[in-house]
Every structure is written in C-alpha cells, then in structure tokens.
Amino acid sequence: MSLLKVENLDVFYGDFHAVRGVSLEVNEAQTVAIIGANGAGKSTLLQAITGLNTQKRGAVTFEGKDISRMRADLIARAGVTMVPEGRRLFGSLSVEDNLRVGESTKRKGPWTLQAVYDLFPRLGELRKMQSSTLSGGQQQMVAIGRALMTNPRLLLCDEISLGLAPKIIGDIYRCFDAIRQSGVSIVVIEQNVAQACHASQHIYCLLEGRISLEGDPRKLAMNDITAAYFGTEQHS
Ligand SMILES: Nc1ncnc2c1ncn2[C@@H]1O[C@H](COP(=O)(O)OP(=O)(O)O)[C@@H](O)[C@H]1O
Ligand SMILES: [Mg+2]
C-alpha cells in the first residue's frame, strides 16, 4: 500500500518554477532514493512534502489523507520527519539533549533513547558530549537518531552522506534495514548514484525540476541513469 503519494506537484520560489509536475509514490517499509544534479529540485521537493514551502500546487497524500495544505508542525505530528541537509544540530547541547528534541511530536512508537543507542552504540558512549565536538559521521547519526525519536512513519533524508568517508557512509546505510523493519519508510536524497541504487528499492531521477527517470534500480541500465542524471543523449 502506498504511504505517500505525490501527484503533479509544482513548487515555486516567486516566479521561479523549481519543481515541475512531479509525481512519486512511497510504499510501506520501502526505501526510495532521489538522485539528480545540484539545483535539480531535490531539497525543494522534500521540503514541499513536509509543508515548508507554501508556494505549491498539486496533491500530497499521506496515509490516505491530503496533507498538501497542512501546516508543517501538523505534518510532523502526522509522522513525516526530515533529516535536513547539513544536520542542523544544536551544537552547544549534548548528544542526548539533541536526541530528546525529537520527543516534541509526542508520537508513541518503538524509538526511544535506548533504541537509538542500540542502533548507534557509539552515540550511547558519547551521550554527554557537546554535539559540536563530534565528527561529521557521528553528528549525522545524531541527526538521524533525533528524527527517529519523533517515531515517524516516513523519514526524509537530505544528502545524508555528503562529505563523509565511505566507511561511515556504509555504517549509516546499513542501519536503514533496521529502521525499515521498525515500520518506517525512507526517502533519501543521494548524490552517489551507485549508493542510491544499492540502498533503495525504487529510484527517481530529477532533472531541472522534472522526473527524468524512475524505476527499480536493479532493472535500470547504468547508462540510462547517467543520461537521466546529466540530461545527455545516449550514444551507444
Ligand atoms: N529559497 C530559494 N529561493 C529561490 N530559489 C531557490 C531557493 N532554494 C532553492 N532555489 C532554487 O531552486 C532550484 C532547486 O534547488 P534545490 O531544491 O535546493 O536543488 P537540489 O536540492 O536538487 O540541489 C535551484 O535552482 C535553486 O537555486
Ligand atoms: Mg539539496
């Protein structure tokens, strides 16, 4: 069953038409990846789903309910949570206090402090540390943990691997299975095409605000994905 359905979404910044007629679907316990070059409209698309961009038209349905006109805080309370690009932690607060920020939605579910520490044992060891002193990878784990503390049904991750070492990226993506098994669907924006294909059951490629390709990454040819990503013609 589809958890999230976006139909014909347009998003504007003033006169600028950033997202153009985008339709996508996320099923229960599925990971969906969104790829595309810088400026393609990936972040704008996720922000529109979470209610952050109000200049839009089209339908956004979550758990069968139209959320396209709902306030951002109510969308969060309904179970849609973003891990924002750049993490946006409270640097002067401890790891644990940052995680507790996620309790603000007051949603019940399996994700507690202990469950986050079981997922990322290193965070348990660092829980009293000021989060600004952590490495980039550890900060990303805090950002994901904080989002899980809201007990979402849908987790939207914007560029979670940006600037991180390959080993750390592997560690982060490995936890996606456990997150999905807890009943959470995931949408991830990923610049690394191979990583996106590996981590997801369905990918969407955005090019200048439009979906240029979509499908099961195991069935798509790498040539076609590259062409859709860069907007180049195929010569094979
Ligand atoms: N606040 C804004 N005001 C005006 N234009 C914006 C704003 N945010 C993004 N844009 C423009 O919208 C387009 C899509 O941006 P964005 O969604 O951030 O792309 P991506 O996440 O794929 O890199 C880009 O051309 C960008 O310059
Ligand atoms: Mg972006």
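Values below: all heavy atoms of this structure, side chains included; hydrogens, waters and symmetry mates excluded. Order of appearance sets the numbers: ligands from 1, and atoms from 1 within every ligand.
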For atom 19 (O) of ligand 1, which protein heavy atom lies nearest, and how many Å away is it?
G41 N, 3.2 Å

Test item: R87 side-chain N/O and V142 main-chain N/O as donor-acceptor pair under 3.5 Å:
no

Quick one: does A37 get a heavy atom under 4.0 Å from ligand 1?
yes

min-distance protein heavy atom vs atom 16 (P) of ligand 1 -> T44 OG1, 3.6 Å

Can you check whether V60 reaches I75 side chain to side chain, under 4.5 Å on heavy atoms?
no

May I ask you to check whether S43 brings an N, O or S atom to under 2.8 Å from the Mg ion (ligand 2)?
yes

Would you mind reporting whether L89 and L134 have side-chain heavy atoms less than 4.5 Å apart?
no

Does atom CZ of R127 have more than 12 heavy-atom neighbours, drawn from other residues, nucleotides or ligands, at distances under 6.0 Å?
no

Looking only at protein heavy atoms, which one is nearest to atom 24 (C) of ligand 1, and what is the separation?
G39 O, 3.6 Å

Which of the ligand 1 atoms, numbered from 1, are nearer than 4.0 Å to a heavy atom of A18:
12 (O)

Considering all protein heavy atoms, does one lie under 4.0 Å from atom 12 (O) of ligand 1?
yes

Taking 4.0 angstrom as the limit, do E208 and R20 come out as a salt bridge?
no

Please write down residue, atom name and distance for the protein heavy atom closest to atom 26 (C) of ligand 1.
F16 CE2, 4.7 Å

Closest approach of any protein heavy atom to atom 10 (N) of ligand 1, naming residue and atom:
Y13 CE1, 3.3 Å

Tell me: protein heavy atom nearest atom 18 (O) of ligand 1, and distance?
S43 CB, 3.9 Å

Side-chain (R180) to main-chain (Q30) donor-acceptor, under 3.5 angstrom:
no

Looking at G14, is its backbone amide N or carbonyl O close enough to the side chain of Q55 to form a donor-acceptor pair, meaning the two atoms are under 3.5 Å apart?
yes

